[in-house]
Amino acid sequence: QVQLVESGGGLVQAGASLKLSCTASGRTFGNYVMAWFRQAPGKEREFVAIVTDANDGRTKYADSVKGRFTISRDNIKRTVDLQMSSLKPEDTAVYYCAARLRGSGDHTVRRQYNYWGQGTQVTVSS
């Protein structure tokens, strides 16, 4: 069982930077693929970024955030961060941290994830 708690959301102006953090409970954090998704009002929850388990550590990003967002994990602290820069109004959404055990399947697909945080609001003003 994994519990996830996000922090770091807020209101910023376009062009600013913001860092989200997700802290996970559990002793086997290193075995989990960690991801960030986001959901804007009236839209489906969408993939933002993933970092694979501790043995691999590969990252992948949605095209809309590539080059602006960076995902990283600290397996000692059991955290996964999303550093966001050059923020745009269209980045406004509730951001969710998610976790799944390493394995096969498309890590960018929402239904692959068993564990979710409560979400943190990011609002980017123009």
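Values reported hereafter were calculated over all heavy atoms of this structure, with side chains retained and with hydrogens, waters and symmetry mates removed.
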Could you pull out all donor-acceptor pairs under 3.5 Å where a side-chain atom in residues 44-51 meets a protein atom, sequence neighbours excluded?
residue: R45; atom: NE; partner: Q39; partner atom: OE1; Å: 3.3
residue: R45; atom: NH2; partner: Q39; partner atom: OE1; Å: 3.4
residue: E46; atom: OE2; partner: R38; partner atom: NE; Å: 2.7
residue: E46; atom: OE2; partner: R38; partner atom: NH2; Å: 3.2

- Taking only residues two or more places apart in sequence, or in another chain, which ones meet Q121 in a side-chain hydrogen bond (donor to acceptor under 3.5 Å, both in side chains)? T123
- Query: Do L101 and W36 sit in the same hydrophobic cluster, where Ile, Leu, Val, Met, Phe, Trp and Tyr count as joined when their side-chain heavy atoms come under 4.5 Å apart?
  - Reply: yes
- Task: Just grab all the disulfide (SG to SG under 2.5 Å) pairs involving residues 37-95, residues at least two apart or on different chains.
- Result: none
- Note on the structure: Contacts of Y113 meeting ring pair (Phe, Tyr, Trp, His ring centres under 6.0 Å) (sequence neighbours excluded), chain-then-number -> F37
- Item | Co-members of L11 in a cluster of I, L, V, M, F, W and Y side chains, linked at under 4.5 Å | none
- Heavy-atom pair of closest approach, residues A40 and A93: N-CB, 3.8 Å
- Same cluster or not: are V12 and Y95 linked, directly or through other Ile, Leu, Val, Met, Phe, Trp or Tyr residues, by side-chain heavy atoms under 4.5 angstrom apart? yes
- Name all residues meeting the salt bridge (Lys or Arg N to Asp or Glu O under 4.0 Å) criterion together with D56; count only those two or more places apart in sequence or in a different chain, and write none if there are none. R58
- Please lay out, stage by stage, how N75 and F29 fare under the test side-chain contact (heavy atoms from CB on, under 4.5 Å). CA-CA 7 Å; N75 296 308; F29 177 73; 3.4 Å; yes
- Note on the structure: Nearest heavy-atom approach of G9 to L20 is N-CD2, 3.6 Å
- Decide yes or no on side-chain contact (heavy atoms from CB on, under 4.5 Å) for R110 and W116, but give the supporting numbers first. CA-CA 10 Å; R110 175 184 174 183; W116 293 85; 3.6 Å; yes
- Task: Using the test salt bridge (Lys or Arg N to Asp or Glu O under 4.0 Å), find all partners of R68 that sit at least two apart in sequence or belong to another chain.
- Result: D91
- Query: Does the side chain of H107 reach to within under 4.5 Å of the side chain of T52, using non-hydrogen atoms?
  - Reply: yes
- Message: Using side-chain hydrogen bond (donor to acceptor under 3.5 Å, both in side chains), reason through D81 and S21 one step at a time and then give a plain yes or no.
- Response: CA-CA 4 Å; D81 292 341; S21 293; 2.9 Å; yes
- Task: Would you list the pairs meeting disulfide (SG to SG under 2.5 Å) in which at least one residue belongs to residues 3-106, sequence neighbours left out?
- Result: C22-C97
- Message: Quick one, T92 and V122 - any side-chain contact, counting heavy atoms below 4.5 Å?
- Response: no
- Output the rest of the hydrophobic cluster of V109: all Ile, Leu, Val, Met, Phe, Trp and Tyr residues reachable through side-chain heavy-atom contacts under 4.5 Å, sorted by chain and number. none
- Say whether, by atom type as modelled, one donor and one acceptor occur between the side chain of S25 and the main chain of Q3 under 3.5 angstrom. yes
- Apply salt bridge (Lys or Arg N to Asp or Glu O under 4.0 Å) to K66 and list each qualifying residue two or more places apart in sequence or on a separate chain. D63
- Item | Least distance between heavy atoms, Y115 atom then V2 atom | CD2-O, 3.4 Å
- Task: Kindly write out the residues that satisfy salt bridge (Lys or Arg N to Asp or Glu O under 4.0 Å) with R111, not counting sequence neighbours, or none if the list is empty.
- Result: none
- Query: Can you find a heavy atom in the side chain of L4 that is under 4.5 Å from one in the side chain of M34?
  - Reply: yes
- Task: Indicate the atoms forming the closest heavy-atom contact of I71 with V80, along with that distance.
- Result: CG1-CG2, 3.8 Å
- Message: Tell me if a side-chain donor or acceptor on Q83 pairs with a main-chain N or O of F69 at a distance below 3.5 Å.
- Response: no
- Query: Would you say the side-chain atoms of D53 pair up with the backbone N or O of N55, donor to acceptor, closer than 3.5 Å?
  - Reply: yes
- Can you check whether Q118 reaches Y96 side chain to side chain, under 4.5 Å on heavy atoms? no
- Output all residues satisfying side-chain hydrogen bond (donor to acceptor under 3.5 Å, both in side chains) with T108, sequence neighbours left out; order by chain, then residue number. D106
